[in-house]
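Step one of this worksheet: look at the structure below.
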Protein chains: 2
Amino acid sequence: MPQSKRPNSKKERRLENEKLILSAAEKVFAEAGFGGATMQLIADMAGLPKANLHYYFPTKESLYRQVVQNIFQTWLQAADIFDAAEGPEEGIGAYIDAKMEISRRHPAGSKVWASEVMHRAPVIQDYLETTLMEWTDGRAKIIDRWISEGRMAPINPRHLLYMLWATTQHYADFGHQIETLNGGEALTDAQWEDAKTSIKQIILRGIGATG
Amino acid sequence: MPQSKRPNSKKERRLENEKLILSAAEKVFAEAGFGGATMQLIADMAGLPKANLHYYFPTKESLYRQVVQNIFQTWLQAADIFDAAEGPEEGIGAYIDAKMEISRRHPAGSKVWASEVMHRAPVIQDYLETTLMEWTDGRAKIIDRWISEGRMAPINPRHLLYMLWATTQHYADFGHQIETLNGGEALTDAQWEDAKTSIKQIILRGIGATG
DNA sequence: TCTTTACTTGACCATACGGTCAGGATGCGC
DNA sequence: GCGCATCCTGACCGTATGGTCAAGTAAAGA
């Protein structure tokens, strides 16, 4: 007699609990860093006993690894927009929008990623060397093509990409600083729109890609 | 009989040891985060017994606090260049150069700062609310004046400042990622120059402040 | 030289943390 | 309904860590 209200099937519960744990872990790792986070805190936030965490994720490190890998996936998804674009104004503009939206919706993930990279990427170094490297090379080539087609000014694509990453992720990673400078209030919808517009304005004009 | 070769006077030794400890602490906090850093590790790196650290800095938190405050001072010093400038091209250009130089010379400090802010600034929240707030308001006013004088395009000064911070500090905080994408090699002198030039080119042109 | 003050340090302590485990509960296939 | 595999969890353990302390050493001051 499978119930649909409260998912009690084993598979469903498993997935649900894993999701619950991963979500709690992301928050705690973001707030406290890997070293400062405790399994007990994650357990409390997930509403599960600590020993249960170790049933799903044998070690703290394995849990952390899973969190970071999930974030990396989200990170890469924003790339699709870049690829589908027809030119720099559309591609880079949409990429900025997408990454700003990620910063707004998943600030914890962005922080965990930043923390991981700052600590010399002990867990996802191989991803940096393979997947991220390929992604970056591919995007750099697209930008170089746009430049050779005269659709934007000649600019080192890598530094442009770093600038895009830095600026968009700043709104998540340094969100607390921004909020403090905003009088202690989170940015409003209008302010987020203003941020997006300002960034696109500066960068698109800066690379000579405005209509 | 005060010796000048090896500073054995109490005051000199005190200052020397404090500097030694603070320098080691900055590195360890940057590499491991506050939670991951251990007093033993800092002691080893400073070449002193652990108990000696606790003589100079009673708690781990007090040591951390001192490190963060020192970094904040460096951070603010780069402002002088901004103030002394005659117009946006000179002021913002020089500010970018100065902040990039800090990222290059003191990456550990930048990382500690980033980490502190990411964790909701438990130690320097009051600085954010007072000193940083005033600094930001002041700089925003200067930019607004430049805009009203027609020396640059109308742009929300805050988002421009965030962009400057984000981009320049990215080269320190995400230095490991940049190094990995650079084939595992640290950026050369020429590459650092290229970075500075690219950033200035995009931003100065983006805000309509090029000669 | 003698006293006092500042500094140094090995040994030690309480605590908190990651991780284990045994035994019980629960749903699943037959 | 029954046996089995999966899931759950309170109690427990070893270790590492921040911090203490008392006893010693070296410099400053008189």
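Remember, predicted model here, so these are calculated numbers, not experimental data. Hydrogens, waters and symmetry mates play no part in the numbers below; they use all other heavy atoms, side chains included. Sequence lines set the chain letters: A, B, ... in the order given, protein chains first and strands last, and positions in each chain run from 1.
- Between B:Glu193 and B:Lys196 a salt bridge is recorded (basic side-chain N to carboxylate O distance below 4.0 Å).
- Per the geometry, CD belonging to A:Gln40 stands 12 Å off C1' belonging to D:dT9, to the nearest Å.
- Between the CG atom of A:Leu48 and the C1' atom of D:dC8 there is a distance of 10 Å, rounded to whole Å.
- Distance from the side chain of B:His54 is smallest to D:dG19 among C:dC21, C:dG18, D:dG19.
- Here the side chain of B:Met39 is nearest to one of D:dT20, D:dG18, C:dT8, namely D:dG18.
- Counting non-hydrogen atoms under 4.0 angstrom, B:Ala43 reaches nothing in the nucleic acid.
- In the set C:dT8, D:dG10, D:dG18, D:dG18 carries the atom at the smallest distance from any side-chain atom of B:Lys50.
- A salt bridge does not link B:Glu31 with B:Lys27: none of the charged nitrogens is closer than 4.0 Å to a carboxylate oxygen.
- For the pair B:Tyr55 and C:dC7, the criterion of a side-chain N or O lying under 4.0 Å from OP1 or OP2 is met.
- Annotation: A:Trp146 is in aromatic contact with A:Phe82 [ring centroid separation under 6.0 Å].
- Side-chain proximity of A:Thr38 to C:dG18, C:dT20, D:dG19: nearest is C:dG18.
- Separating the CG atom of A:Leu20 from the P atom of D:dC7 is a distance of 16 Å, rounded to the nearest angstrom.
- The distance from atom CD1 of A:Ile42 to atom P of C:dC17 is 12 Å, rounded to the nearest whole Å.
- The interatomic distance linking B:Asp44 (CG) with D:dA16 (P) rounds to 14 Å, in whole Å.
- With a 6.0 Å cutoff to the six-membered ring centre and a 45° limit on the axis angle, A:Lys111 does not count as a cation-pi contact of A:Phe29.
- Proximity of B:Arg13 to the phosphate of D:dA26: no side-chain N or O atom is located under 4.0 Å from OP1 or OP2.
- A salt bridge is absent between A:Arg139 and A:Asp144: the closest approach of a Lys/Arg side-chain nitrogen to an acidic carboxylate oxygen does not fall below 4.0 angstrom.
- B:Asn52 has its CG atom 17 Å from the P atom of D:dC21, to the nearest Å.
- Between B:Tyr56 and C:dC7, a side-chain N or O to OP1/OP2 separation shorter than 4.0 Å is absent.
- Close to C:dC7, at under 4.0 Å from its OP1 or OP2, lies a side-chain N or O of B:Arg14.
- Contact annotation: A:Asn17 reaches the phosphate of D:dC8 (side-chain N/O to OP1 or OP2, under 4.0 Å).
- To the nearest angstrom, P of C:dT8 lies 10 Å from CD of B:Glu16.
- For the pair B:Leu53 CG and C:dG10 P, the interatomic distance rounds to 13 Å; values are reported in whole Å.
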